[in-house]
Structure formats: structure tokens, C-alpha cells
Amino acid sequence: MIDTILDDLNEVQCEAVVNYEGASLIIAGAGSGKTRVLTYRIAYLLSRGVAPQTVLALTFTNKAAREMKERISNLVGPSTRRLWIGTFHSIFARILRTEAEHLGYTSAFTIYDTTDSRSVIKSIIKEMNLDENRYKPANVLGRISMVKNNLVTATAYQANGEAQAQDAAYRQPRIADIYKAYAAKCKNANAMDFDDLLLNTNILFHYHPDVLEKYQRIFRYILVDEYQDTNTAQYLIVKKLTAASRNICVVGDDAQSIYSFRGARIENILNFKNDYPEYKEYKLEQNYRSTQTIVNAANSVIEKNRRQLKKHCFSEGHVGEKISVIKAFTDQEEGFLVASSITDYLYREHADYNHFAILYRTNAQSRIFEDALRKKNIPYKIYGGLSFYQRAEIKDAVAYLRLIVNPNDDEAFKRIINYPTRGIGDTTLDRLQMAATQLNVSLWTTMNTVSPDQMGIRSGIAKKMKEFASLIDSFKTRALSDDAYQLAYDVIKRSGMLADLRDNKTPEGVAKYENIEEFLNSIKEFIDNQQAESEETNTFIPITQYLENIALVTDADTDKPEDRNKVMLMTIHSAKGLEFNYVYIVGMEETLFPGSMSSQSEQDLEEERRLFYVAVTRAAKKASVSYAQIRYRWGNLTSNLPSRFLREIDAVYLDNAEWATVRSNRITANDDNTPRETYSLKQGIPATQRTPQARNTIVPKSSLPQDEFIPDKAADIQAGMEVEHKRFGTGKVISIEGNGSDIKAIVNFYVAGQKTLLMKFAQLRIVK
DNA sequence: CGGCCCCGCGTTTTT
DNA sequence: CGCGGGGCCG
């Protein structure tokens, strides 16, 4: 069986599969059959008598892990169940649960998501009386996350002169203290954040060599997917685990490294040869996915990057269609044109909806395309984005379950102590929190051990707290005998959540109620799946198992059958690893893609270029790129130049007809008759975009306004005047409002409609 | 103490 | 523009 399987592989792929001993570096270009090699290699290992429980395969997404499992079991049958295949985070979370007591945790520890972490940081900033403008929670958390990924603990960070100097330079000298307090609070809550899962694994292996040895013995063969995206913490875990066996196989493509913003180090793959000098290298260069045009066009772009491993990707498929450049006047027109193009291909090539993907740089861009597709009755699915589990009502339900499993989970506690309303308000919580911080214990412990009047809590409220405590305690008891579904159902009912939602007859209330129903269904489904996977049918699936699962799952992991045949909308990041026949890469504009944050440094720019490379190589048959001359960005009109990446595509692969033509101003998607969309080309862009409001704008010198526009002084402008604005044309000043530097003029423009303009920015000329 | 309203802020990208 | 958080009022 296995030998016939090898017939499916080309020569290099076959070599990479068969030589499974020792260190292997597989450089796998986009579409070169990377997953195929990985899965076949594992299947081959098994066929050679390697025990499945000694094989560890690490991926970055649950989807990749699931796909790998599926494909292997298609090759070799059910023996795959004992293989260790999962994401870095899930595998090491599992190990940490087993070894928790070595680190002073219990195996019931909670995994904090980003929202939880941010909230902890926020409360610390408050407690420390720090300037909330200078210390932004998301910012501080980002910094802590970065250093954690470099294995710098709070104590080490405090002692690190360089880090201290840097924080001082950024006028955030207390970050080390925040970090320390944050680590303490997580520990007291028996909680780990995403980064802790990797950091603590390293700590575990460092301070407990016996434990490390145990796992070195277990994992005889380690395979790592997307190796170019590993951060230092992940890299070191792998290095430690393979130190004895030296059986390691990493697969990756430096050209697709797009996660350096969260600590990924492209050096890990570039320097593989230093760590494993005995390594063998395999280059998968033939692309089986895309047309020659697409592969060549992608190559012509990525060539501009300086640091990369040498390889030559090629396709022997059809030459295929050239890449279309869709030039739109406004963001709405961009949506319309892309939707129209999709309709064209649907008819012309009898394509299905799910053959199409719209890829964008930032999630905020999705709206426009949703609107455009909806208008044409094209079904679509937004992939990623706000997860089901991030909805308020689901988080509430999950918070109950989390608190039952781990009563020290302060974030869960805070979320539900007064939901549904039971008369325990902010003041009480503040007092509780103060006591808890002083005692260095969780809110739950404080509530149950400190006398209420010591905290200044009146007896009426204390009674309510007791009731809450015994409610949770009763759930804890039931959790021992009830499975995840029974418990969740009971919790939602007896906590009062269900009644609270049922009484809410607003549309949002109804939606929430339905979401809770869906939540319960998903638990039921989870139990069924787990039982199907284990040998017996009646395995008891406790709530702990369900919680472990959802902490590390994202929306991208759920695939519902009704979403199968829809146009997919997603960020380029989440498109990595996927393929579609027809791909639209939208928002190809300077400051958007490449983003304004990235065009400063050459390194960041190279990462953006790799991102573009990833986007183009998602397409099998046809890629299109689009941009808009003007678009709304945080409520303001902005205008940007077409992305430099368009110019970097070798022009022979472009469908130049559309690229070169300046189309006349068509009234298109904006049939909702908002006046602001009816610009004439003459009034518009890009020549007249040089107002301070549009200071993101990059305007070529040649197209600066020919006629002088001299604005009048802001102080001279008064209500009732007729004024002219470079972009909005003429209009009447309705009123002047505000004071200080925030004086605003409300102007009703004849064409553009009513606008509120900040006087310190707006340049207005008095007409009369 | 809870609900409502207003203000201010934000955009990369995600396990 | 849309969301979340904070503040104010009932």
C-alpha cells in the first residue's frame, strides 16, 4: 500500500518522505505539495513500524492540524488517533496540564484570551495609579507578549538594563512593574495567557530536566509545519525536545513568513543548518496549484526582497489568464466592480461560489464587500473576524463554566458576579478587589475567607455573595457527574441567564437567545465528536475537556455545511495555506497595503511584500487586484496612490487594458443616493487631496494643483457665509461650534452634503 | 446601583 | 463610522 503511495510524489517529494531519520529541512514553495509531503512522511513512518504515539507534528492553526490528521488517516487508517498532531499552543497546553504542579499551577488552569489579559493589565494600571494615556493596556500587553516570546520573565525583565532604558525612553518606566504584577495576578488566578503556554513549557523543561527527558523519550520524531513562523519560545521548545533524538523535520517557506509582528523569527529557518549541521535539504519548487502566469508574477514580486533562501518556483500548468487590475474610483465602486467580476466568472466558467475569495489587508475592509455582494445576492462568508466565542452572551456562559472549573479565575469571576443582576455592584467589587490584591489571592478566595465588614461590605450584600458562592459550589458538585452538555444547560438555566435573555424581546435579545441555543448545540456536537473519536461510545466528556478545547479555537476553525458554497472573505493572514480558483486582492493602495506602519523600515516592507506574495499564490486559475482612488477611513475620505506592489509585478503578467485606462466616473454601486459618492473626477483626486485631514495621502509632484488655492483664516469664517473647500466644493456655513483648538464648522456643501470640519485643519476660502 | 448617553479613540495582521 | 468605556442621572 505505502509503496504505491510513493507513486503520487515527484522525485524530491519522495526523497523528503523516505529519508525520515535525522534532520530535514524542507523548503516548500507555495503550492508545492507541502502538506502532502508532511502527511506522506508520517504515513511512511507508521508503515515502517514507528509507533504513532512517538510522533509529534506541530502546526500553527487547528485547521492545519485537523487537515493533516484527516489526510493521514485516509492513507493509513485509524491508527492516527494516537499521533500527537496539534498546534503548538494546544499540544503544550496539554503537557502543561499534566505537569502543572511542577510550576505551582493546578491542571485546571484557565487559558486567558487576549481580552482577559488586557483587562488584567488595565486593572493593574488603575491600581498603580498610572497615567492611562501613557500606559495603554493593549500596548503594554503587546510589549509583555513580545518579551515573553523571547523567554524574558518579569524578574529578568526588571533586571535587564537595556529593557529598562528602552521603556524609560518611551516614557513608560513602569512596564516592568506592570509585568510583574500581571504575572502575579495570572498565577493567583491559576491562569496562563497564550504566551505563557510557550514560556512555561520552556521553564518546565529548563528547571525539570527529568520532565524534559521524559518528553524527549516520548517524542522520537518531531515535525514542524510553517517553521518560518516559529518564535523564539517555540524554536527553543523544539530544539530541546529534539536534542537527544535529533530526528527533526521542518517544513517552511521563508517567502511566506508573515508573522514577525508577533515574534516569529525568519532566522529560525534561515539558520537551521547551524543547529543541525548534519541536515539534509529538500527543495520543493514545482507549484501544482497555480497557472504559470500567477507563479511567475508572484516570483517577480518576491525577487525584490533581499534576504531569502535561493529557490526557483515554477509551474508546468496552463499559462492562464493575466492578472487583472481593477481600478475603482471609490471604495464602494471597488466593491461593486469586484462583485461584478465574480458574477462574470460565475456565468462564464460555471464556477461555484466557494471558488472565489476576496482577500484584504485589514478586517475593517470587509464591510464594503459584504454590502456589494449582498446587493447582488451573492452568498458570502466572512472567515475569521469576530469569533462566536467573543460574543458577550457566550462569554458570559463560558465565564460560569470557567469559574466552576477554576474558581480562582478572576476574569470569569468579574464577568458574572453581577450577571444576571444580583445587586453586587462596582463598589463592592472594588472593595473585594482591594482586599484580594493585598492578600495576593483570588477574588473567590477573598470573598469566601475575608469577613465582609473587614472589607466594608454591608451584610445585605454579603448575603448575596454567599448565595452566589453556593450557586457556584453546587455547580462544582454537579460537574463531577454531569457531562459538559448537562452542566452547561443547568448553568444557563439556574444562573438566571436564560430567563434574562428570554425576557429581552429586542432583536438583539432574540439573537442572543439564539446564540445561547447554538452554544448548547455546539457542546452537544463536541461531545458526540469526542465520543466518536475515542473507542467507546459512552465516554464521559466533562466540562473541563470542552473548555480546554474552546480556549484555543477560533472562528476560522468551525466549518458549517451551510457555509460550504459561499464566496470567502478574509484577511490575507488567515488565507495562508488555503487556495481558491479566483482570488481578488483588494485595497491595493499605499498606506493600506503596504500599511502606513510598514513603509518606514525595509524589514517591515519586506514582510508586507511576502504577505502580497502569499495573497497572489492563493490563486489557482486567476488573480485580480483592485484599488480605489478614494476611500473612507475612520470616517474620513482619504486618497492614496496605487500600491507599489502593483508596479513590482512584471507588467507582462498584467492585463494592461484595465490598468492603463482611466475610467470615467461611473455612478455605480452607490445607488443609495448618498450625495458624498457623486464626485466628478475634476473635483476629486488625487490632485486636490493635499488638505491636512488627508495627510496620509501621498501625492505625486506632477499632479499638484495647477491653480493656487489660498484658504482664509479660520477666525474669519462665520456662520452664514458661503465657503469653498478644495475637496467638497462650495457650501454654506451652518454654524461654528466648540472652543479652544476644537472649533468646528458645520458646512452644508451643495454637492458633498453636510460636513463637520475641524477648523484647525480645514482649509476654507470665503466666497461671500 | 443600574441604565443610558456621550465622548473619544482606533486600524494591521492572530494562536 | 462603529465600538467600548466612562460618567452622569434617575
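Lettering of chains follows the sequences in order, A, B, ..., and the numbering in each one begins at 1.
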S.K.: Contact class for A:Phe593 (heavy atom, under 4.0 Å): base, sugar-phosphate, or nothing?
M.R.: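 No contact.
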
S.K.: Round to the nearest Å and state the distance from A:Tyr383 atom OH to B:dT13 atom P.
M.R.: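 After rounding, the gap between these two atoms is 16 Å.
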
S.K.: What nucleic acid atoms does A:Phe60 come within less than 4.0 Å of, heavy atoms only: base, sugar-phosphate, or nothing?
M.R.: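 A:Phe60: backbone/sugar contact only, no base atoms under 4.0 Å.
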
S.K.: At under 4.0 Å between heavy atoms, what does A:Thr428 touch on the DNA or RNA strands: base, sugar-phosphate, or nothing?
M.R.: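 Contact class for A:Thr428: sugar-phosphate only.
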
S.K.: Under 4.0 Å, counting only non-hydrogen atoms across every strand here, what does A:Thr114 touch: a base, just sugar-phosphate, or nothing?
M.R.: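 The answer is base, as A:Thr114 lies within the cut-off (heavy atoms under 4.0 Å) of a base atom.
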
S.K.: Round to a whole Å and report the spacing from CD1 of A:Ile382 to P of B:dT14.
M.R.: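 Rounded to whole Å, this separation is 13 Å.
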
S.K.: Grab the NZ-C1' distance between A:Lys464 and B:dC1 for me, whole Å please.
M.R.: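 To the nearest whole Å, that distance equals 10 Å.
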
S.K.: Give A:Lys122 one of three labels, base, sugar-phosphate or nothing, depending on what nucleic acid heavy atoms sit under 4.0 Å from its own.
M.R.: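 If one applies the 4.0 Å heavy-atom cut-off, A:Lys122 turns out to touch the sugar-phosphate alone, with no base involved.
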
S.K.: Give the rounded distance in Å between these two atoms: OH of A:Tyr419 and P of B:dC1.
M.R.: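 After rounding, the gap between these two atoms is 19 Å.
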
S.K.: Describe, in one word, how the ring planes of A:Phe261 and A:Tyr259 are oriented to each other, choosing from parallel (under 30°), tilted (30 to 60°) and perpendicular (over 60°).
M.R.: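 If you compare the ring of A:Phe261 with that of A:Tyr259, the planes turn out tilted.
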
S.K.: Could you name each residue pair satisfying salt bridge (Lys or Arg N to Asp or Glu O under 4.0 Å) that touches residues 121-131 of chain A, not counting sequence neighbours?
M.R.: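 Salt bridge (Lys or Arg N to Asp or Glu O under 4.0 Å) check on residues 121-131 of chain A returns A:Glu127-A:Lys185.
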
S.K.: Restricting to nitrogen or oxygen on both sides, can you table the protein-nucleotides 2-11 of chain B pairs closer than 3.5 Å?
M.R.:
from  : atom 1 : to       : atom 2 : distance (Å)
B:dG2 : OP1    : A:Asn418 : ND2    : 3.3
B:dG2 : OP1    : A:Gly423 : N      : 3.4
B:dG2 : OP2    : A:Asn418 : ND2    : 3.3

S.K.: In whole angstrom, give the distance that lies between atom CG of A:Leu198 and atom P of B:dT14.
M.R.: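 These atoms are roughly 18 Å apart.
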
S.K.: Which salt bridge (Lys or Arg N to Asp or Glu O under 4.0 Å) pairs, counting each pair once, include a residue from residues 591-602 of chain A, with sequence neighbours left out?
M.R.: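 Not a single pair qualifies under salt bridge (Lys or Arg N to Asp or Glu O under 4.0 Å).
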
S.K.: Side chains of A:Tyr383 and A:Ser366: do they bring a donor and an acceptor to under 3.5 Å?
M.R.: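 Per modelled atom types, A:Tyr383 and A:Ser366 side chains form no pair under 3.5 Å.
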
S.K.: Applying side-chain contact (heavy atoms from CB on, under 4.5 Å), can you list everything that pairs with A:Ser459, at least two apart in sequence or on another chain?
M.R.: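 Residues passing side-chain contact (heavy atoms from CB on, under 4.5 Å) with A:Ser459: none at all.
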
S.K.: For A:Arg431, which residues count as a side-chain contact (heavy atoms from CB on, under 4.5 Å) partner, sequence neighbours excluded?
M.R.: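 Once residues adjacent in sequence are excluded, the partners of A:Arg431 under the side-chain contact (heavy atoms from CB on, under 4.5 Å) criterion are A:Thr427, A:Ile457.
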
S.K.: Specify the separation, in whole Å, of atom CD of A:Glu132 and atom P of C:dG4.
M.R.: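 For the pair A:Glu132 CD and C:dG4 P, the rounded distance is 18 Å.
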
S.K.: Which one, B:dT15, B:dC1, B:dT13, comes nearest to the side chain of A:Thr571?
M.R.: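 It is B:dT13.
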
S.K.: Before we go on, tell me: are the rings of A:Tyr360 and A:His573 under 6.0 Å apart, centre to centre?
M.R.: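 No, they do not, as the ring centres are separated by 6.0 Å or more.
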
S.K.: Please report the distance, rounded to the nearest Å, between CZ in A:Arg609 and C1' in B:dT13.
M.R.: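 Computing the A:Arg609:CZ to B:dT13:C1' distance gives 18 Å.
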
S.K.: Taking the C1' atom in each of C:dG6 and B:dT11, what is the distance between them to the nearest angstrom?
M.R.: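 Comparing C1' positions in C:dG6 and B:dT11 gives a spacing of 23 Å.
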
S.K.: Hey, which sits more toward the 5' end of DNA chain B by its nearest nucleotide, A:Asp604 or A:His89?
M.R.: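 Result: A:Asp604.
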
S.K.: Taking OP1 and OP2 of B:dT14, is either one under 4.0 Å from a side-chain nitrogen or oxygen of A:Ser574?
M.R.: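 A:Ser574 to B:dT14 OP1/OP2: side-chain N or O found under 4.0 Å.
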
S.K.: Just to be sure I understand the rule, does A:Ile461 reach a base, reach only the sugar-phosphate, or reach nothing, if contact means heavy atoms closer than 4.0 Å?
M.R.: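 Sugar-phosphate, backbone atoms only, no base.
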
S.K.: Check the distance between B:dT13's P and A:Tyr613's OH and give it to me in whole angstrom.
M.R.: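 Interatomic distance, OH of A:Tyr613 to P of B:dT13: 24 Å.
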
S.K.: Going by the rule salt bridge (charged side-chain N to carboxylate O under 4.0 Å, His left out), which residues pair with A:Lys240 if we only count those two or more places apart in sequence or in a different chain?
M.R.: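 Not a single residue meets the salt bridge (charged side-chain N to carboxylate O under 4.0 Å, His left out) criterion with A:Lys240.
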
